[in-house]
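A short worksheet on the structure shown next.
Values below: all heavy atoms of this structure, side chains included; hydrogens, waters and symmetry mates excluded. Just follow the structure's listing: the first ligand is 1, and inside any ligand the first atom is 1.
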Amino acid sequence: MAVAEPAAFQLATPTRVYDNVRMISEKLRNCKIDSLPERYVWPKERVENLKPGNHETVAKEKEEFQNLSIPVVDLAGLDGGSEEVRAKIAREMRTACEDWGFFQVINTTVPTTVMEQVNASAREFFSLPVEQMEKATEPPGKPLQGYGGRHNFLSSEVPWIEFLGEHHAPVPGVKDLAKKVWEDGNPKFCKAITDYSNSVEQLGVLILELLAESLDLPKDTYSQHMQTGHHGYWRFNYYPACPKASQTIGIGPHCDPDALTILSQDQIPGLQVQKANKWVTVEPLPGAFVVNVGDYLQAWSNDIFKSVEHRVLVNEETDRLSIAFFMSPPRMLNIEAHPKLIGENQESVFKTFTSRQYLGLLLNNKSNGDVGMRGLDYMRRETTVA
Ligand SMILES: O=C(O)CCC(=O)C(=O)O
Ligand SMILES: [Fe+2]
């Protein structure tokens with residue numbers, strides 16, 4: 001294995017304290033400032049074709065891209081127990097994961113009340129005074145946990161986002177997090193997140209089973225790694241309205257360093273997926289989840305499924321909330337393709353690696369899309385890591 005184990009997850013630059021995006025948004029709206037602070041302005045070389053994330057953008061794209069849109073897979077047929085229907089749904093997912101790396105699922109078993117409660121909890125958190133939200137800020141060694149809102153990490157330009165995230169597995173972190181923010185530990189908030197994480201994780205397991213079946217592999221090929229010691233991480237992404245939406249970005253282009261991501265977005269468009277050199281906006285569908293292949297699933301599938309670059313636009317008038325759940329195998333598990341997917345006398349496309357090594361590689365800033373090479377490209381057999 002050519003990639004060295006990281007000493008510790010480190011930030012490229014020390015954290016400095018700035019206004020958070022909600023404060024800047026308010027100052028812009030009240031004309032206390034008339035332009036975006038420089039660190040939020042993303043140069044054209046780094047992000048092409050920025051525009052506000054709104055329904056007009058979706059409508060224009062539909063015309064321009066001739067209705068190109070990410071596939072929608074309807075799970076309703078699974079209830080009937082028919083094997084043919086299950087195989088058809090699995091095939092649809094496979095095609096979507098090969099062609100797009102993304103699809104939306106509708107008619108899932110995730111209860112509407114669970115989604116209503118978790119959305120309300122996210123909104124409750126992001127309406128707190130900044131000082132209270134910041135009680136959930138983690139030290140720089142944990143850049144993606146707790147509350148994040150005054151960014152200065154990974155790149156010189158910072159994204160227009162506030163987030164709150166924690167592990168659900170292997171050890172659920174929500175209670176400790178809530179205790180820091182609310183004196184009584186907000187049991188309702190903890191329950192909402194726990195119920196949501198459990199339901200969405202179950203949906204993820206089902207999708208991983210269907211994807212394994214679609215490749216003619218045993219059903220539990222991937223889902224077996226989501227039973228114990230696996231990582232489930234939830235994150236609220238909150239993008240306040242930005243009057244200068246064409247100058248900044250909610251999340252810059254990236255691929256997800258996980259096996260599978262399941263995302264619920266509100267009805268404000270913003271998520272864009274790279275397809276045939278175009279940024280295609282994912283049209284919000286009520287009750288749908290956006291599912292995407294992460295880097296580990298691409299490796300597991302021996303490059304059949306694609307972990308595809310995506311990014312998030314912000315809206316000029318309205319805030320946007322998305323709730324993500326990231327699923328990964330245990331940190332020390334060797335990630336490698338099933339032998340059936342590797343041709344005779346051939347090697348797998350990717351070297352064997354663990355997610356621990358992989359995250360170390362990303363966080364030590366070898367690659368985050370910025371340096372022209374994706375993290376997973378470092379794991380291709382033909383690549384030598386310096
Ligand atoms: O907010 C979204 O729609 C997508 C968020 C995302 O890509 C992520 O959290 O990794
Ligand atoms: Fe993502």
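No donor-acceptor pair closer than 3.5 Å links the side chain of Lys306 to the backbone N or O of Asp99. Counting only distance, with no hydrogens or angles, the side chain of Asn334 and the backbone of Thr352 share no donor-acceptor pair below 3.5 Å. For Gln132 (side chain) and Pro129 (main-chain N/O), no donor-acceptor pair under 3.5 Å exists by modelled atom type. Between the Asp266 side chain and the Leu321 main chain, a donor and an acceptor come within less than 3.5 Å of each other.
Counted by atom type alone, Asp258 and Tyr296 present zero donor-acceptor pairs between their side chains at under 3.5 Å. Counted by atom type alone, Asp74 and Asn107 present one or more donor-acceptor pairs between their side chains at under 3.5 Å.
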Which pairs of N or O atoms, one from ligand 1 and one from the protein, are separated by less than 3.5 Å, and what is the distance for each pair?
| from | atom 1 | to | atom 2 | distance (Å) |
| --- | --- | --- | --- | --- |
| ligand 1 | 1 (O) | Tyr239 | OH | 2.6 |
| ligand 1 | 1 (O) | Arg320 | NH1 | 3.2 |
| ligand 1 | 1 (O) | Ser322 | OG | 2.7 |
| ligand 1 | 3 (O) | Arg320 | NH1 | 3.3 |
| ligand 1 | 3 (O) | Arg320 | NH2 | 2.9 |
| ligand 1 | 7 (O) | His254 | NE2 | 3.2 |
| ligand 1 | 7 (O) | His310 | NE2 | 3.1 |
| ligand 1 | 9 (O) | Arg235 | NH2 | 2.6 |
| ligand 1 | 9 (O) | Asn237 | ND2 | 3.1 |
| ligand 1 | 10 (O) | His254 | NE2 | 3.1 |
| ligand 1 | 10 (O) | Asp256 | OD1 | 3.3 |

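Around NZ of Lys191, the count of heavy atoms belonging to other residues, nucleotides or ligands within 6.0 Å does not exceed 12. Counting non-hydrogen atoms of neighbouring residues, nucleotides and ligands closer than 6.0 angstrom, the CD atom of Gln66 reaches no more than 12 such neighbours.
At least one side-chain heavy atom of Ile251 sits less than 4.5 Å from a side-chain heavy atom of Ile161.
Around the Fe ion (ligand 2), the protein N, O or S atoms closer than 2.8 Å are His254 NE2, Asp256 OD1, His310 NE2, listed by chain and residue number.
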